[in-house]
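Some notes on the structure that comes next.
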Amino acid sequence: MRPSPCDVWWARTDWLRPEHLTVLGAAESERLRRYRYPADRNRSALGAVLLRAVAARALGSAPGAVAVDRSCPSCPGSHGRPVLPGTGLYVSTSHSGAFVVVAATRAGPVGVDVEEEPSRLGTDLRVGALGPREAAGTTDAAGFVRCWARKEALLKAVGVGITVPLAEVDLGPPGEPPRLRRFPGARPDQVYVTDLPAAEGYAGAVCVLAPGPVPVRHHDAGPLLHSGLFGEPSVIGGPVLSGGRVR
């Protein structure tokens with residue numbers, strides 16, 4: 001039996017259009033109103049919209065009809081990882097800088113992360129986020145964000161977020177393929193992390209918890225966001241994938 005793939009959808013934050021916001025639920029809209037800066041609000045909005053569009057495509061539904069549960073296990077808030085109850089579809093979303101990414105699969109719990117390289121890589125940041133083996137193989141900001149994205153993807157898939165110290169999660173140095181070496185309570189033979197073909201200045205990773213390797217497929221989200229799912233479409237910019245890489 002062939003394993004279920006993991007589909008990763010890429011979008012640029014400037015693709016957000018007014019008609020997209022009409023599919024969001026009351027809790028999502030209220031959460032957006034709390035953002036202080038428009039850029040942060042737009043990234044979060046497009047992430048919520050794209051997640052609904054990807055789920056609607058997979059489930060044969062309308063984006064506004066998708067039930068998204070974001071309950072937090074630690075408080076009454078609605079800022080937990082997104083869950084689609086009763087569908088068998090696992091989803092995750094991330095955004096940084098100019099990009100938004102959503103991962104969806106039926107193979108098992110999934111976590112996705114995209115990170116923009118920091119303008120300055122301080123020693124404190126390296127010490128707090130990297131284990132000794134990772135730190136020894138990380139010499140620049142590009143390597144650092146690759147390690148960070150791998151760890152975030154794993155923590156999202158497990159469902160704990162950054163409640164586990166990142167230095168206690170070891171997925172190997174950035175110059176090697178990701179492989180779980182150390183993480184409390186996780187089985188290496190059921191953790192599959194894949195680096196994503198992020199644009200220059202970014203790094204990304206997706207993690208699926210499954211009994212076997214999971215193939216990863218990449219998609220431009222432009223046609224999906226431009227489709228009739230949102231009523232009369234506005235014009236959206238060109239493709240985000242070119243030559244197998246994000247641009």
Side-chain angles (χ1 to χ4, degrees), residues 1-10 47 50-61 66-73 80-95 100-115 131 133-134 145-164 166 168-174 176-198 203-221 224 241 244 246:
M1 183 176 178
R2 298 180 62 183
S4 297
C6 177
D7 290 298
V8 177
W9 295 80
W10 291 88
L50 181 55
L51 186 149
R52 285 180 168 276
V54 169
R57 181 180 184 273
L59 301 173
S61 175
V66 175
V68 183
D69 182 0
R70 295 179 181 269
S71 300
C72 176
R81 67 171 174 172
V83 175
L84 309 181
T87 65
L89 186 67
Y90 298 91
V91 292
S92 181
T93 183
S94 181
H95 45 76
V100 171
V101 61
V102 167
T105 183
R106 295 185 181 276
V110 63
V112 71
D113 192 60
V114 61
E115 298 288 343
R133 176 182 169 84
E134 294 167 322
V145 293
R146 183 176 293 272
C147 287
W148 185 288
R150 291 172 174 179
K151 292 168 184 264
E152 277 254 33
L154 169 60
L155 295 178
K156 285 183 175 182
V158 174
V160 295
I162 308 184
T163 58
V164 175
L166 289 179
E168 294 183 11
V169 182
D170 187 347
L171 288 159
E176 298 179 8
R179 181 171 63 85
L180 183 62
R181 293 170 169 83
R182 181 165 60 97
F183 180 69
R187 291 179 50 179
D189 62 339
Q190 294 185 356
V191 174
Y192 294 92
V193 181
T194 302
D195 291 329
L196 300 181
V206 63
C207 174
V208 183
L209 307 183
V214 177
V216 178
R217 306 186 300 196
H218 300 277
H219 308 272
D220 279 306
L224 189 60
L241 288 170
V246 176

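This one's a predicted model, so the numbers in the text were calculated from it and none came from an experiment.
P109 approaches A157 most closely through the heavy-atom pair CB-O, 3.5 Å. When every heavy atom of D113 is checked against every heavy atom of A149, the shortest pair comes out as OD2-CA, 3.4 Å. Scanning all heavy atoms of the two residues, the minimum distance from H219 to D7 falls at NE2-OD1, 2.7 Å. Shortest non-hydrogen contact noted between L224 and R57 is CD1-CD, 3.9 Å. Heavy-atom minimum distance, S4 versus A107: O-CB, 3.7 Å.
At a threshold of 4.5 Å between non-hydrogen side-chain atoms, the residues T93 and L50 do not count as touching. A heavy-atom distance below 4.5 Å is not found between the side chains of V112 and V102. Two residues are said to be in side-chain contact when any heavy atoms from C-beta on lie closer than 4.5 Å; V216 and V8 meet this criterion. Using a 4.5 Å heavy-atom cutoff, the side chains of L154 and V169 are in contact. Using a 4.5 Å cut-off on side-chain heavy atoms (C-beta onward), V68 and L84 make contact.
Without hydrogens or angle criteria, E134 side chain to G131 main chain gives a donor-acceptor distance under 3.5 Å. Between the R146 side chain and the A205 main chain, no donor and acceptor come within less than 3.5 Å of each other. The backbone N or O of V101 sits nowhere less than 3.5 Å from a side-chain atom of S94 that would complete a donor-acceptor pair.
How far SG of C207 is from NZ of K156: 11.5 Å, rounded to the nearest 0.5 Å. We find the CZ-SG distance between R106 and C6 to be 12.5 Å, quoted to the nearest 0.5 Å. Atom CZ in R133 sits 4.0 Å away from atom CZ in R181 (nearest 0.5 Å). Annotation: the span from L155 atom CG to R150 atom CZ amounts to 14.0 Å, rounded to 0.5 Å. Between C147 atom SG and E115 atom CD the span is 12.0 Å, to the nearest 0.5 Å.
With L209 as reference, V191 is the one residue of V110, V214, V191 to meet the side-chain contact (heavy atoms from CB on, under 4.5 Å) rule.
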